Amino acid sequence: MKTIFVKDYNDMSQVTYDIIAEVIKNNEAPSISMTTGGTPRGLFELMVKNINDNQLDISKTTILNLDEYVGPQDAPYTVRTFMYSKLYDLIQQTPKAIFLINGAATDIEAEIQAYSEMLVANPRDVQVLGLGTNGHIGANEPGTAFDSTIFLAQHDESTIESTMKEYKISRSEAPTEMVTLGFTEILAAKQVILMVSGAHKAEAVRNVLEGPITEACPASFLRDKENVIMVIDEAAASLLTK
Ligand code: F6R
């Protein structure tokens with residue numbers, strides 16, 4: 001893993017944007033897999049601005065996602081809602097292809113199989129990740145085996161609480177399960193970028209970088225992987241001792 005230490009949220013967004021923009025500019029048919037939530041909002045804003053200013057051409061780019069909540073897809077917290085409201089509905093270009101997991105599928109196992117085949121057909125240049133306060137990536141919660149492949153995950157209570165806070169919804173409205181890429185597919189991307197910002201992530205960052213590599217802290221598995229870049233701001237790095 002390579003670590004890039006930056007000042008704040010804006011710098012984290014900019015550094016990540018610059019890496020992705022280079023990949024898009026230097027590839028014939030780039031494929032970028034995104035994450036959602038509070039962490040990548042600034043990255044999405046930069047993408048929208050640069051695409052609409054014609055600084056970034058995404059006409060040959062495939063954009064896909066890491067995960068999706070199970071349930072009605074028009075809910076405010078879904079990956080689909082996020083991707084359309086923060087990117088697809090705001091840009092004046094059309095990506096070459098868009099793939100999203102259908103969390104409303106009646107047969108989730110068939111949906112998992114179909115998405116899995118799509119991933120094989122569309123090798124990813126970049127996989128963007130955020131970090132859960134409990135160390136999760138995607139919905140690979142603590143305890144998930146390091147050889148996980150795309151699966152239907154149950155959220156930890158702390159993850160449900162984060163979703164409630166992020167989307168201002170009640171416990172009964174909050175989703176409890178999600179289809180997620182496993183560690184296997186996450187690490188199959190050529191480059192994985194783990195973005196982390198804020199003091200509320202500081203303990204997780206310390207566990208990822210200085211604790212044991214253990215299923216209790218899912219993202220610790222990324223530490224010895226050469227294709228991973230972790231972009232960390234000062235607040236998130238504040239508990240590091242080394
Ligand atoms: C969301 C996802 C999650 C988030 C993580 C951090 O698609 O995969 O793993 O990246 O929960 O969430 P935020 O960015 O809201 O702190």
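As the structure lists them, so they are numbered: ligands from 1, and atoms in each ligand from 1. If you're wondering where the values come from, they're calculated on a predicted model, not measured in any experiment.
- Relative ring orientation between Phe146 and Phe221 is described as parallel, the plane-to-plane angle staying below 30° on a 0-90° scale split at 30° and 60°.
- Nearest non-hydrogen protein atom to atom 16 (O) of ligand 1 is Lys201 NZ, 2.8 Å.
- Looking at atom 15 (O) of ligand 1, its nearest protein heavy atom turns out to be Gly38 N, 2.9 Å.
- Set against the non-hydrogen atoms of Thr35, the atoms of ligand 1 under 4.0 Å away are 1 (C), 2 (C), 7 (O), 8 (O), 10 (O).
- Side-chain atoms of Ser59 and Asp57 include a donor-acceptor pair closer than 3.5 Å.
- In the vicinity of Leu66, heavy-atom distances shorter than 4.0 Å reach the ligand 1 atoms 8 (O).
- With rounding to the nearest 0.5 angstrom, the CG atom of Leu129 is 5.0 Å from the CD1 atom of Ile186.
- Heavy-atom contacts of Gly130 reach the following atoms of ligand 1: 10 (O) (cutoff under 4.0 Å).
- Residues Thr241 and Glu210 have side chains that bring a donor and an acceptor to within less than 3.5 angstrom of each other.
- Side-chain contact, Ser148 with Asn140: a donor N or O sits under 3.5 Å from an acceptor N or O.
- For Asp18 and Gln14, the side-chain atoms include at least one donor-acceptor pair closer than 3.5 Å.
- Side-chain atoms of Glu117 and Gln113 form a donor-acceptor pair, as typed in the model, at a separation below 3.5 Å.
- If you check which protein heavy atom lies closest to atom 8 (O) of ligand 1, you get Asp67 OD2, 2.5 Å.
- Using a 4.0 Å cut-off between heavy atoms, Thr39 contacts ligand 1 through both its backbone and its side chain.
- Among the atoms of Ile137, none of the N or O lies under 3.5 angstrom from an N or O of ligand 1.
- Protein heavy atom closest to atom 11 (O) of ligand 1, with residue, atom name and distance, is His136 NE2, 2.6 Å.
- The backbone of Leu131, and not its side chain, has at least one atom closer than 4.0 Å to an atom of ligand 1 (non-hydrogen atoms only; backbone = N, CA, C, O).
- Numbered from 1 in the order shown, with element, the atoms of ligand 1 that lie under 4.0 Å from a heavy atom of Gly37 read 14 (O), 15 (O).
- Counting only heavy atoms of the protein, atom 9 (O) of ligand 1 lies nearest to Gly138 O, 2.7 Å.
- The closest donor-acceptor contact from the side chain of Asn65 to the backbone of Thr36 lies at 3.5 Å or more, if one exists at all.
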